[in-house]
Amino acid sequence: MATELIDGYGRVHRDLRISVTDRCNFRCTYCMPEEGMEWLDRSAILSFEEIERIARILVERYGFESIRLTGGEPTIRAHLPLLIEKLAALGIEVALTTNASALTTMAQDLVDAGLSRINISLDTLKPERFVALTKRDRFDEVMQGISAAQAVGLDPVKINAVVMRGINDDEIVEFAHWGRDNGLVIRFIEFMPLDAQGEWTNDTVVTYDEILSQISARWELEPLVRGSSPADRFRYVDGGGEIGIVASVTQNFCHACDRVRLTAEGQLRNCLFSMDDWDLRATVRSGGSDDDIARIIEEAVGAKWEGHRINQVHFIRPSKSMSQIGG
Ligand code: SAM
Ligand code: SF4
């Protein structure tokens with residue numbers, strides 16, 4: 001019988017994000033420097049068996065219901081479908097966040113292995129801008145990857161678009177149009193101070209209110225029940241589908257956060273903006289028992305803050321970027 005994994009503010013944790021690699025084949029300007037990062041050594045990264053063990057403890061002891069695989073770019077981790085198969089066998093939903101560059105060849109294998117949900121990151125519909133933003137000339141592959149995800153029956157396919165002032169904020173309505181026309185749920189994401197280059201400032205954030213007012217000036221929207229989703233969800237009243245806005249900066253959803261994160265090197269983090277890690281890899285590799293691992297998990301969740309402090313004077317940027325934590 002599972003017990004609830006509750007923090008000091010009464011939030012029950014049921015959602016795990018696992019970064020399966022810190023490496024990436026793209027260099028999105030808001031996430032990674034052009035030259036890449038100093039990659040982790042292969043031996044530093046958790047094996048599939050180690051990941052499965054930690055996941056099993058979270059599912060069996062604490063009733064976790066879903067796991068999202070992320071990175072870095074998760075599809076560049078060799079044999080990813082094998083990991084999905086192991087995790088799906090725990091009886092939970094397995095989701096993936098990806099840049100879609102590998103989906104034309106992998107989408108069917110991922111679904112066959114048990115993948116049930118997908119989010120694809122795409123921040124522009126303009127091919128030249130895509131190259132500037134990702135430092136890779138792979139726009140066509142990504143668009144084909146999105147179609148491949150739809151063709152293998154992943155539904156809905158959600159598109160994560162980080163909106164940055166002066167970079168792609170002229171495409172908000174165009175993105176909404178494209179989502180409506182193609183049966184995609186667009187999730188507009190506020191730019192967070194987790195870019196590896198440290199160029200984020202408050203002014204670069206295109207806010208929830210700005211995004212919502214641009215779209216609702218064009219179509220009538222109706223709010224949907226949010227649940228524990230980080231996105232505030234809306235449906236088009238005319239039946240054109242759904243959008244989401246993830247307002248991590250201006251309207252954080254920390255009060256409803258039910259998530260913990262496991263980095264590629266086996267560090268448990270209780271928040272994207274946490275300054276601390278809890279080292280599960282050391283315990284796993286030194287022969288620790290399931291009880292030892294569970295104790296660390298409970299300690300990490302017990303130490304969770306009430307919320308991040310981006311908008312406060314004493315906010316300190318985490319030393320890790322989004323690609324190292326796993327977005
Ligand atoms: N490589 C995969 C991808 O791009 O979908 C998974 C990892 S990526 C770090 C996960 C998500 O984090 C992506 O949707 C990306 O847009 C988002 N992200 C990265 N840096 C961000 C930032 N500074 N602010 C907001 N979102 C960010
Ligand atoms: Fe890679 Fe994803 Fe970061 Fe882009 S957002 S650099 S695809 S990890």
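Values below: every heavy atom of this structure, side chains too, minus hydrogens, waters and symmetry copies. Atoms within each ligand, like the ligands themselves, are counted from 1 in listed order. Just so it is clear, the structure is predicted and the values come from calculations on it, not from any experiment.
- Within the model, atoms CD1 of Ile186 and CD1 of Ile211 stand 12.0 Å from one another, a figure rounded to the nearest 0.5 Å.
- Ranking the protein heavy atoms by distance from atom 3 (Fe) of ligand 2 puts Cys31 SG, 2.4 Å first.
- Between Arg295 and Glu299 there is no salt bridge, since no side-chain N of the basic residue sits under 4.0 Å from a carboxylate O of the acidic one.
- At least one heavy atom of Gly72 sits closer than 4.0 Å to an atom of ligand 2.
- In Asp170, the CG atom is crowded: over 12 heavy atoms of neighbouring residues, nucleotides or ligands sit closer than 6.0 Å.
- Listed by number with element, the atoms of ligand 2 under 4.0 angstrom from any heavy atom of Asn99 are 7 (S).
- Inspection of the Thr97 and Asn119 side chains reveals no N or O donor paired with an N or O acceptor under 3.5 Å.
- A tilted orientation is assigned to the rings of Tyr208 and Phe234, their planes being inclined by 30° to 60°.
- Atom 3 (Fe) of ligand 2 has no N, O or S atom of Cys28 inside 2.8 Å of it.
- Atom CD of Glu38 has 12 or fewer heavy atoms from other residues, nucleotides or ligands within 6.0 Å.
- Applying the 4.0 Å criterion to heavy atoms of Thr70 picks out, from ligand 1, the atoms 6 (C), 7 (C).
- Close contacts of ligand 1 with Gly72, meaning ligand atoms under 4.0 Å from a residue heavy atom, involve 1 (N), 2 (C), 6 (C), 7 (C).
- No side-chain N or O of Glu73 forms a donor-acceptor pair with one of Ser101 less than 3.5 Å apart.
- Side-chain contact of Glu199 with Thr204: a donor-acceptor pair under 3.5 Å is absent, judged by distance alone.
- Between Cys31 and ligand 1, no N or O atom pair is found at a separation short of 3.5 Å.
- For the pair Thr98 and ligand 1, the shortest N or O to N or O distance falls below 3.5 Å.
- Taking the charged nitrogens against the carboxylate oxygens, Arg53 and Asp290 do have a contact shorter than 4.0 Å, which makes a salt bridge.
- Residue contacts with ligand 1 for Thr97 involve both N, CA, C or O and side-chain atoms from C-beta outward (heavy atoms, distance under 4.0 Å).
- Taking every non-hydrogen atom of Asn160 and a distance limit under 4.0 Å, the qualifying atoms of ligand 1 come out as 14 (O).
- The Glu190 neighbourhood of ligand 1 comprises atoms 25 (C), with distances under 4.0 Å to a heavy atom of that residue.
- For ligand 2, the atoms sitting less than 4.0 Å from at least one non-hydrogen atom of Cys24 are 1 (Fe), 6 (S), 7 (S), 8 (S), numbered in the order shown with element in parentheses.
- In terms of polar-atom proximity, Glu73 is counted as a contact of ligand 1, with an N or O under 3.5 Å from an N or O of the ligand.
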